[in-house]
Amino acid sequence: MPHGQHASTTYANELCDPELYQQGNPEDLWRRMHSAALVHEGTYEGRRFHAVLSHPLISQVLKNTREYSSERGMRLDQNPAATSAAAGKMLIITDPPRHGRIRRIVNSVFTPRMVSRLEQNMRATAAAAVDRAIEEGECDFTTVAARLPLSVICDMLGVPPEDWDFMLDRTMVAFGSDQADEFAMAEAHADILSYYEDLVRRRRREPGEDVVTALVNGVIDGTGLTDEEIYLNCDGLISGGNETTRHATIGGLLALIQNPGQWAMLRDDPGLLPGAVQEVLRFTSPAMHVLRTAVVATEIGEYALRPGDPVALWLAAGNRDPEVFADPDRFDITRHPNPHVAFAAGPHYCLGSALATSELTVVFEELLRRVSGAELTGLPRRTRSILIRGYDSVPVRLAAA
């Protein structure tokens, strides 16, 4: 029997309680789990699974596509019917080699001209969002943080600027926390899918330098992508590109407010910003877990896995692994090395990692340039989710520099 098996079961079940992330102290649970075992066994909705919090083991599983599949779903709280319909079509739940072929189609749009356009848009959008927040005096920073990633992903997909506010509104509702009205979420998602349908038709008539055009013209093994594959990948890009960067921005500002010495250090030496961005990603870890499913009999830690066994890789806890990160619960913008797994690892390493890093760099540059200080004007409200570690509301006042 593996060490700590009975405690592990309790711990793993606690890990899957969304209340923990809204009201509780997940860091304390992760500390106890790291001390108890490398791998923990639990059940979620009646199904046995293994939770991995060890940073080395997380990296090992993410890189091992021979023994672990993404096509059985990428989250514990998934809709099995939706996962089955999208498997092998949507980038995030497609295994190699097809995964790499879809990825190459998307990557083909990142020409120097496209990257330059995206960077100009980032700078203008971040500056305007910060200026507006300063003018308002008091604002909810979650709304401020949402503008930049959404505008970048819309620009990348080929959504014209006049439709960005519509997409911001619809995505905020469609991909909100599970406290949101389910009917409103479904309605917003239907609006987004209808928009993709129209955009795909437009790009077939009027090609552009964007991802939708690349998907429309993409060919894999001599066959073009179906409309369904195009819509699914647009959906994956807009949800993934929006959620991670938005919550990292929010959590990063909150960490700087709560650690004023780090804010002062960064203001005094902006050259520390690249390392600060990496620490923001490690410390906030917005994508809390990803799922893999064993496809052969194998072992992880002390546990034997059977084909079909789900394995939840808790990225946020891996980024607090005391065997890899000294004083892991401390926010330290000078931390080096910082081999975090906020963007996962292996073939599914985040497609938008470079863009997300650029966005975070730009938004914190604009905050440092335009803001002399920031303070909370109310209690932050955390998101109730086992997938996204973030905030539904962070009321702040930003003072002009």
Side-chain angles (χ1 to χ4, degrees), residues 11-34 38-40 42 44-45 49-55 57-59 61-62 70 73-79 83 92-93 142 145 149 175-179 236 239-252 254-255 278-293 310-321 324-325 328-329 331 339-346 348-350 352-353 356 360 380-392 394:
Y11 285 151
N13 292 347
E14 279 186 64
L15 198 63
C16 298
D17 181 0
E19 288 294 324
L20 172 70
Y21 304 100
Q22 186 179 50
Q23 307 287 350
N25 184 347
E27 292 85 0
D28 179 60
L29 176 63
W30 298 337
R31 273 193 298 273
R32 285 182 280 130
M33 292 180 80
H34 278 302
L38 295 176
V39 180
H40 298 258
Y44 183 78
E45 295 185 347
F49 76 98
H50 291 86
V52 181
L53 282 75
S54 155
H55 182 285
L57 285 182
I58 288 171
S59 299
V61 172
L62 287 170
S70 301
M74 53 75 66
R75 53 191 288 181
L76 280 169
D77 56 342
Q78 64 191 325
N79 176 326
T83 297
I92 199 167
I93 47 175
T142 61
F175 303 111
S177 75
D178 65 0
Q179 287 181 300
S239 60
N242 186 24
E243 293 287 324
T244 304
T245 314
R246 174 161 59 99
H247 288 297
T249 303
I250 298 161
L254 197 53
Q278 295 305 312
E279 179 67 348
V280 164
L281 287 162
R282 181 197 74 87
F283 194 77
T284 61
S285 292
M288 267 197 294
H289 81 270
V290 293
L291 195 69
R292 293 292 184 265
T293 302
V311 179
L313 308 170
W314 229 265
L315 305 177
N319 282 338
R320 302 290 180 110
D321 187 339
V324 176
F325 302 98
D329 295 327
F331 179 69
H340 65 77
V341 287
F343 291 132
H348 279 266
Y349 184 78
C350 176
S353 59
L360 288 167
R381 190 173 74 249
R382 292 185 291 177
T383 300
R384 186 180 184 277
S385 171
I386 66 167
L387 181 71
I388 296 296
R389 188 169 189 229
Y391 293 86
D392 291 337
V394 179

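From a predicted model like this one, the values you see are computed outputs, not experimental measurements.
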Please lay out, stage by stage, how Asp17 and Glu14 fare under the test side-chain contact (heavy atoms from CB on, under 4.5 Å).
-> CA-CA 5 Å; Asp17 181 0; Glu14 279 186 64; 5.7 Å; no

What's the shortest heavy-atom distance between Thr249 and Leu360, and which atoms?
-> OG1-CD2, 3.3 Å

Non-hydrogen atoms of Thr245 and Pro149 that approach each other most closely = CB-CB, 3.9 Å

Spacing of His348 atom NE2 and Leu62 atom CG [to the nearest 0.5 Å] = 9.0 Å

Nearest heavy atoms of His34 and Ser54, plus distance in Å = CE1-N, 4.4 Å

What one should report as the nearest heavy-atom pair of Ala12 and His40 is CB-CB, 4.1 Å

Those residues at least two apart in sequence (or on a different chain) that pass side chain to side chain donor-acceptor pair (under 3.5 Å) with Gln23 are none

Taking side chain to side chain donor-acceptor pair (under 3.5 Å) as the test, write out the residues that go with His55, two or more places apart.
-> none

Are the side chain of Arg75 and the backbone of Ala312 linked by a donor-acceptor contact shorter than 3.5 Å?
-> no

Assess whether side-chain contact (heavy atoms from CB on, under 4.5 Å) is satisfied between Asp321 and Ile58, documenting all intermediate values.
-> CA-CA 11 Å; Asp321 187 339; Ile58 288 171; over 6 Å; no

Approximate separation, where rounding is to 0.5 Å, of Ile250 CD1 and Arg382 CZ | 14.0 Å

Who passes side chain to side chain contact (heavy atoms under 4.5 Å, CB included) against Pro310, sequence neighbours left out?
-> Arg47, Phe49, Leu291

Residues, nucleotides or ligands: over 12 heavy atoms within 6.0 Å of Ile92 CD1 = no

With Asn79 via side chain to side chain donor-acceptor pair (under 3.5 Å) - residues at least two apart = none

Say whether, by atom type as modelled, one donor and one acceptor occur between the side chain of His289 and the main chain of Ile386 under 3.5 angstrom.
-> yes

Which value, rounded to the nearest 0.5 Å, describes the distance between Arg32 atom CZ and Leu29 atom CG?
-> 5.0 Å

Salt bridge (charged side-chain N to carboxylate O under 4.0 Å, His left out) involving Arg282 - partner list, sequence neighbours excluded = Glu279

Is the backbone of Val341 close enough, under 3.5 Å, to the side chain of Asn319 for a donor and an acceptor to pair up by distance?
-> yes

Does any N or O in the side chain of His247 come within less than 3.5 Å of the main-chain N or O of Ile388, such that one atom is a donor and the other an acceptor?
-> no

Residues that Glu19 engages under salt bridge (charged side-chain N to carboxylate O under 4.0 Å, His left out), provided they are two or more places apart = Arg384

Please round to the nearest 0.5 Å and tell me the distance separating atom CG of Leu53 and atom CG of Leu313.
-> 9.5 Å

Can you tell me how far the CD atom of Gln78 sits from the CD1 atom of Ile93, to the nearest 0.5 Å?
-> 8.0 Å

Does the side-chain contact (heavy atoms from CB on, under 4.5 Å) test come out yes or no for Thr244 and Cys350, once each step is laid out?
-> CA-CA 10 Å; Thr244 304; Cys350 176; over 6 Å; no

Shortest non-hydrogen contact from Thr284 toward Gly252 = CG2-N, 3.7 Å

If you round to the nearest 0.5 Å, how far is CG of Leu387 from CZ of Arg389?
-> 13.0 Å

Trp314 to Leu76 - nearest heavy-atom pair and separation | CZ3-CD1, 3.9 Å

Would you find a donor on one side and an acceptor on the other, under 3.5 Å apart, between the side chain of Tyr21 and the backbone of Leu15?
-> yes

So Val280 and Phe331, side-chain contact (heavy atoms from CB on, under 4.5 Å) or not? Walk me through it.
-> CA-CA 8 Å; Val280 164; Phe331 179 69; 4.1 Å; yes

